[in-house]
Trainee: 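Below is a structure I'd like to ask you about.
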Amino acid sequence: MEEILVNILSRLPVKLVVRFNCVSKFWNTLISHPYFRKKRLNHAKNHARSQKLLSLDCLDDNNRLHFYSYSLSLVQLVKDIRVVDCPSNWNAEGTKVYCSCEGLFLIGIWTEPHVEQPSLLMIWNPSTRESILLPHSKFNNDNDDDDDEFRSTYGLGYDSISDDYKVFRLVMTKDGQNKNEIFALKNNSWRIIEETSSLDWTDCSMYSGGEFLPFVDGVFHWLGISSKLSVVSFNISSEVYRDIPLPEIVCYLTLSRFEYDVKIEVDVGLTVLAGMLGLYYKDDNFFNLWVMEDKHGSSWMKLFTIPSYGIYKVIPTYMFSDYQMLLCFQLDSITRSKFVYRIISVGSFGLNNQIWPLDHDAKDVIVYTESLIFPKLGQ
């Protein structure tokens with residue numbers, strides 16, 4: 001009987017399931033059990049109605065973060081507001097949403113202006129409104145004399161081997177030292193990773209939107225540079241780095257080298273599309289999009305090429321069935337505004353597009369799956 005209830009409840013929307021928590025102790029115990037939460041998550045991953053878009057709206061005077069959550073229905077766009085109540089002793093100067101994994105978001109919060117690293121990291125589930133603060137990293141530059149010595153970004157992923165959620169910190173230093181770190185929630189501690197990557201540089205300036213460190217099948221990905229451009233991957237279970245070659249047109253993009261820096265002169269980046277690693281590259285004339293066809297990183301499949309003249313930036317946002325693609329076009333490079341959303345369809349009659357009714361001021365939109373998952377520190 002209990003298994004029948006689990007199967008029924010796992011197919012209901014998250015909002016409706018959460019209401020059952022207040023019905024009785026029995027319902028609360030059933031819904032709070034890790035087995036049920038995982039079962040509901042696995043069901044939600046395969047259903048479009050559980051896929052949402054989240055965009056940070058503002059930080060109000062009461063230190064509350066306001067987000068907009070949008071549906072991904074092709075029929076009707078539904079928007080609602082999600083709020084995070086921050087501790088009263090915070091004096092937030094800024095926030096950044098780094099990524100989403102299994103319905104959880106990793107958010108950086110600055111309590112001091114003009115420093116590179118966030119003062120606090122928070123994991124938040126917008127569906128259940130649960131949140132938790134993470135302890136400081138061992139390698140924190142808030143007290144360093146020169147904040148420009150390194151930059152870093154963060155990713156959140158699930159390790160199926162240890163059944164644990166982990167935060168990965170990718171650190172880019174000028175001297176090439178390896179200071180990447182990992183935080184395991186079960187251990188409630190940061191640890192510097194001993195393994196190193198063979199690529200010399202990472203261009204942190206590329207991480208300006210979407211999911212910063214795409215996470216696919218237990219592996220984080222980012223762009224690295226040696227003699228040419230390549231993908232670096234890091235497996236959070238084995239803690240092993242690996243280099244993945246890019247399509248030839250992307251491998252040999254022009255690189256600008258300075259004493260302590262390397263820059264890529266065109267817009268190129270990585271993303272996650274329908275559970276696959278995606279690669280995009282835009283120059284003054286065209287925008288190109290590929291996806292990785294297999295988990296071994298041996299084959300890229302090109303989805304399409306579209307004109308990009310007069311467009312500052314194109315951000316792949318979501319892939320529907322039959323390779324319908326939701327793209328965000330940023331038209332203004334000066335004010336970083338004027339966002340336009342389009343659905344690009346690839347079919348037998350070529351490319352066509354339609355307007356997507358997302359707010360034009362919505363930016364840094366991240367796709368997530370509604371879930372009841374919420375890990376605990378030290379458990």
Trainee: Atom CG in Leu372, atom CG in Leu41: separation rounded to 0.5 Å?
Mentor: 9.0 Å

Trainee: Just to verify, what does Phe374 make a ring pair (Phe, Tyr, Trp, His ring centres under 6.0 Å) with, not counting sequence neighbours?
Mentor: none

Trainee: Go through the steps to decide whether Ile344 and Leu289 satisfy the test side-chain contact (heavy atoms from CB on, under 4.5 Å), and finish with yes or no.
Mentor: CA-CA 12 Å; Ile344 304 296; Leu289 182 64; over 6 Å; no

Trainee: If you round to the nearest 0.5 Å, how far is CD1 of Ile373 from CD of Glu130?
Mentor: 10.5 Å

Trainee: Applying side-chain contact (heavy atoms from CB on, under 4.5 Å) to Ile81 and His66, what does each step give before you reach the verdict?
Mentor: CA-CA 7 Å; Ile81 296 176; His66 291 250; 4.3 Å; yes

Trainee: Is Glu293 salt-bridged to Lys302, going by a charged N under 4.0 Å from an acidic O?
Mentor: no

Trainee: For residues Val219 and Tyr241: do they belong to one hydrophobic cluster (side chain heavy atoms under 4.5 Å, members Ile, Leu, Val, Met, Phe, Trp, Tyr)?
Mentor: no

Trainee: On a heavy-atom basis, which atom in Pro118 and which in Gly108 lie closest, and how many Å separate them?
Mentor: CB-CA, 3.9 Å

Trainee: Aromatic contact between Phe329 and Tyr341, with the criterion being ring centroids under 6.0 Å apart: yes or no?
Mentor: no

Trainee: May I have the step-by-step check of side-chain contact (heavy atoms from CB on, under 4.5 Å) for Phe220 and Ile236, ending in yes or no?
Mentor: CA-CA 8 Å; Phe220 287 109; Ile236 62 171; 3.3 Å; yes

Trainee: When you group the ILVMFWY residues by side-chain heavy-atom contacts below 4.5 Å and let the links chain together, are Met301 and Leu327 in the same group?
Mentor: yes

Trainee: Going only through I, L, V, M, F, W and Y residues with side-chain contacts under 4.5 Å, is there a path from Trp290 to Leu277?
Mentor: yes

Trainee: Shared ILVMFWY cluster between Trp124 and Ile366, side chains joined below 4.5 angstrom?
Mentor: yes

Trainee: Does some side-chain heavy atom of Asn288 sit less than 4.5 Å from a side-chain heavy atom of Tyr280?
Mentor: no

Trainee: Apply side-chain hydrogen bond (donor to acceptor under 3.5 Å, both in side chains) to residues Ser69 and Tyr368 and explain how you reach the verdict.
Mentor: CA-CA 10 Å; Ser69 178; Tyr368 74 101; 2.8 Å; yes

Trainee: With the 4.5 Å side-chain cut-off for hydrophobic clustering, are Met325 and Phe286 part of the same group?
Mentor: no

Trainee: With side chains defined as the heavy atoms from C-beta onward, is the minimum distance between Val291 and Leu279 less than 4.5 Å?
Mentor: no

Trainee: Do Phe67 and Asp57 come close enough that some side-chain heavy atom pair is under 4.5 Å?
Mentor: no

Trainee: At what distance, to the nearest 0.5 angstrom, does OH of Tyr158 lie from CD of Glu102?
Mentor: 6.5 Å

Trainee: So, Lys166 and Glu181, do they make that salt bridge, N to O below 4.0 Å?
Mentor: no

Trainee: Of Trp222, Phe168, Phe215, which is the lone residue that meets ring pair (Phe, Tyr, Trp, His ring centres under 6.0 Å) with Phe234?
Mentor: Phe168

Trainee: Could you check if a side-chain atom of Asp284 sits within less than 4.5 angstrom of a side-chain atom of Tyr309, using non-hydrogen atoms only?
Mentor: no

Trainee: Do the non-hydrogen side-chain atoms of Asn285 and Pro307 ever get within less than 4.5 Å of each other?
Mentor: no

Trainee: When His221 is tested against each of Leu213, Val232, Ile244 for side chain to side chain contact (heavy atoms under 4.5 Å, CB included), which residue passes?
Mentor: Ile244

Trainee: When you check the gap from the basic side-chain N to the acidic O, do Lys186 and Asp164 get nearer than 4.0 Å?
Mentor: no

Trainee: Within the structure provided, determine whether Lys376 and Ile132 are in side-chain contact (heavy-atom separation under 4.5 Å).
Mentor: no

Trainee: Could you go through the side-chain contact (heavy atoms from CB on, under 4.5 Å) check for Leu134 and Ile123 one step at a time?
Mentor: CA-CA 8 Å; Leu134 303 185; Ile123 292 178; 4.1 Å; yes

Trainee: Is Glu370 salt-bridged to Arg40, cutoff N-O under 4.0 Å?
Mentor: no

Trainee: Decide yes or no for Ile109 and Met122: does some side-chain heavy atom of the first lie under 4.5 Å from some side-chain heavy atom of the second?
Mentor: yes

Trainee: Decide yes or no for Trp190 and Arg169: does some side-chain heavy atom of the first lie under 4.5 Å from some side-chain heavy atom of the second?
Mentor: yes

